Each structure stands twice: as structure tokens, then as C-alpha cells.
Amino acid sequence: MTTDVATVPEALRPVEPIATHMVASTDGTRLHVREWGRRDAQDIVFVHGWSQCDLCWAQQVRGTLAERFHLITFDLRGHGRSDAPAEAARYSEDRVWADDLAAVLDAVSARRPVLVAWSYGAFVVADYLRAHGEEAIGAIALVGASVRMAPPYDGIGPGMLDNVVDMCGEDLLANIAATRRFLAACTRHPRTPAETETALAWNMIVPPGVREALRAREMDVADVYAATIAPMLVTHGRDDAIVLPVMAQELLERCPSAAASWYDGVGHAPFWEAPDRFDLELAGLAERVAGVM
């Protein structure tokens, strides 16, 4: 069945990936992986956030980045079209997330990739760095990144805290309402109705038990990034209501290799609200890595 393009929001109009894979991680969980752009170019690997999927990178894979680089997107376990094991234990260990990312990098033969980690994705990348080291990584772009999730949840904003309990609950109507509020808080300027509906759909296919299993991990990975020497770009919207700007400020203060990119008037998703600037800055980081390979 082909997609009826007329019914798809402009920002999400499909383009054809150059490859699609189901990649098995070490525990057998299969991850949905797609490749875009040029295989002979610098690799950029995108790691999405909590309750999202690889569709959130639609503007990147259909823009100028794909003309110049090899882009890899994938769905985290429990999200999108990846397997969603029912057992909470399949999400609780740092090592499974590290091995998931390692499996993706191996499947696409990534060479010194730029890792782009949005929000919760920063935990996944930190898990990888802790388990596998940074020797094979070219650079890291942290976008609206969360590096601490534990009581008293300092640095986590009301857009998350006010909605997370219902988003992890079994009351479907309350879950949908909370997910709508969460998505509204993700951007400073409202998405179009069609974009909102599509984002709501990809959020709602994530089981509440998966959301809860991810939320239940208590983590502080700032030390991992502080010890990282790879070039790092910290991108953060000044109006982020999900992960507060203070989180990015801490990263910048603790990470010698980090450079700041602040977005005025932008919320939690700079790649969505300001895609042209985001893509340009990410291209600059990727070119820097490619230049030293």
C-alpha cells in the first residue's frame, strides 16, 4: 500500500530511504532502522526521545542534509516499528540501550559517526559511551538533552512533570489528553493540526508500560559527557518547557569539548521549529568530523 501524500502534513511528506532494516540487539529485540542520503558520505545517526519515533526527523531526512551526508534513523526499543517487549526488565538495564545503539552502528557500518541525541536520547548515547567508549565516535550533538532523571527532578520542566504520570497510566482517555498536553509543550509555536495529529499517533503506539519503564530509570549521566573529548554541540531552545535550559548550561560548564547553540523563541524541538538553522549547524559539525577522517 502506498501513502496518500495529499493526506500527509507537508513537513512529514515521505521520501524514499536507501535502505530499511530490522536489526537484532544482543537480547534479540529487533530495531527498525532506516538509511537516507549518500552511503559514501559522513555518517550521522539520530537518536530520538521518550515516546517518539524516527518520524520526528522527517525534516532532516528530506532536506539538504540528505543530499550531503549518510543519515541513519531508528526507533528505540518499545517505540515506533521496533519490537516492544512487555517485560519492564527489558528496558531497565543501561547495557541494553548501549548494545542497541552499538547494533545499529554495526548494521550500517558507521564510521566515526556524528551521534545526534534528542532529549531522552542523551541517556542512550551516554549508555553507549559508558559501555563501549568514544573511540569509534566522531562527534556528539545533544539536542534538548536530559542528563539527569531522578528526584527531585531538577532541570525537568512542567511540560514533562505535569503529564508524565497520566502518559504512563492505563486510563486511555487521560493518557491521550496528557500526551496532547505534552506535545503542545514540546514546541514554542504550535504545530499545524495535521502535524499534531500525526505526532499524537506515533506517541500513542508506545505502550504506557514502556513509557513507565523508561521513566523508572533513575540516571545522572553528566559525568559521562564531562569526560568525553569528542567535539560536542549542545543545542537547546531557550523556551524549552520539557528539559529546562539549566540542564544545557550545566553541560556547557562541565564539558570542555562542548559548544553552545541557543535558540531564542524555540522550545524542546529545535530541529522541528528551526530546521534550516539546525541542519546547517549539524552539517558544520559533520564536516568537521569528515575533515579529520
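Quantities reported herein were computed from a predicted structural model and do not represent experimental measurements. If you read the sequence from its start, that first residue is 1, and numbering goes on from there.
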Please report the interatomic distance CG(L183) to CD(E197), rounded to the nearest 0.5 Å. 12.0 Å
Taking the side chain as everything from C-beta on, heavy atoms only, tell me whether W202 gets closer than 4.5 Å to H48. no
Side chains of L251 and V147: does their closest heavy-atom pair fall under 4.5 Å? yes
Answer whether the closest heavy-atom distance between the side chains of I72 and R34 falls below 4.5 Å. no
Ring centers of F74, W57 separated by less than 6.0 Å: no
Check whether S82 reaches the backbone of D75 with its side chain - one donor and one acceptor, N or O, closer than 3.5 Å. yes
Steps toward side-chain contact (heavy atoms from CB on, under 4.5 Å) verdict (L65, L282): CA-CA 8 Å; L65 282 176; L282 184 55; 3.9 Å; yes
Hey, does V96 have a side-chain heavy atom less than 4.5 Å from the side chain of S25? no
Is the shortest heavy-atom distance from the side chain of L285 to the side chain of P231 under 4.5 Å? yes
Can you tell me if E35 and H21 form a side-chain donor-acceptor pair at under 3.5 Å? yes
Give the intermediate values and the outcome of side-chain contact (heavy atoms from CB on, under 4.5 Å) for residues W262 and T235. CA-CA 6 Å; W262 292 103; T235 296; over 6 Å; no
State, yes or no, whether a side-chain contact exists between H268 and T187 at a heavy-atom distance under 4.5 Å. no
Less than 4.5 Å apart, any side-chain heavy atom of T196 and any of T192? no
May I ask you to check if R277 and Y263 form a cation-pi contact, with NZ or CZ under 6.0 angstrom from the six-membered ring centre and within 45° of the axis? yes
Give a yes or no on whether the backbone of P151 and the side-chain of E218 come within a donor-acceptor separation of less than 3.5 Å. no
Criterion salt bridge (charged side-chain N to carboxylate O under 4.0 Å, His left out) on D94 and R130, from CA distance to verdict: CA-CA 9 Å; D94 299 353; R130 187 182 288 114; 3.7 Å; yes
Under 6.0 Å from the six-membered ring centre of W272 and within 45° of its axis: does the NZ or CZ of R191 meet both? yes
Show your working on side chain to side chain donor-acceptor pair (under 3.5 Å) between H132 and D99 and close with a plain yes or no. CA-CA 9 Å; H132 299 284; D99 288 352; 3.1 Å; yes
Quick one: do R217 and D127 satisfy salt bridge (charged side-chain N to carboxylate O under 4.0 Å, His left out)? Show the steps, please. CA-CA 12 Å; R217 296 176 72 203; D127 291 334; 2.8 Å; yes
List the steps and the verdict of side-chain contact (heavy atoms from CB on, under 4.5 Å) for W50 and S119. CA-CA 7 Å; W50 182 78; S119 195; 5.7 Å; no
When you look at T29 and D83, which way does the side chain to side chain donor-acceptor pair (under 3.5 Å) test go after all the steps? CA-CA 6 Å; T29 300; D83 288 348; 5.6 Å; no
Would you call the rings of F271 and W118 parallel, tilted or perpendicular if under 30° counts as parallel and over 60° as perpendicular? perpendicular
Is any side-chain heavy atom of D27 less than 4.5 Å from a side-chain heavy atom of R95? no
Before giving the answer on salt bridge (charged side-chain N to carboxylate O under 4.0 Å, His left out), spell out for E67 and R38 the whole-Å C-alpha distance, their side-chain angles and the decisive distance to 0.1 Å. CA-CA 7 Å; E67 297 172 3; R38 298 173 43 195; over 6 Å; no
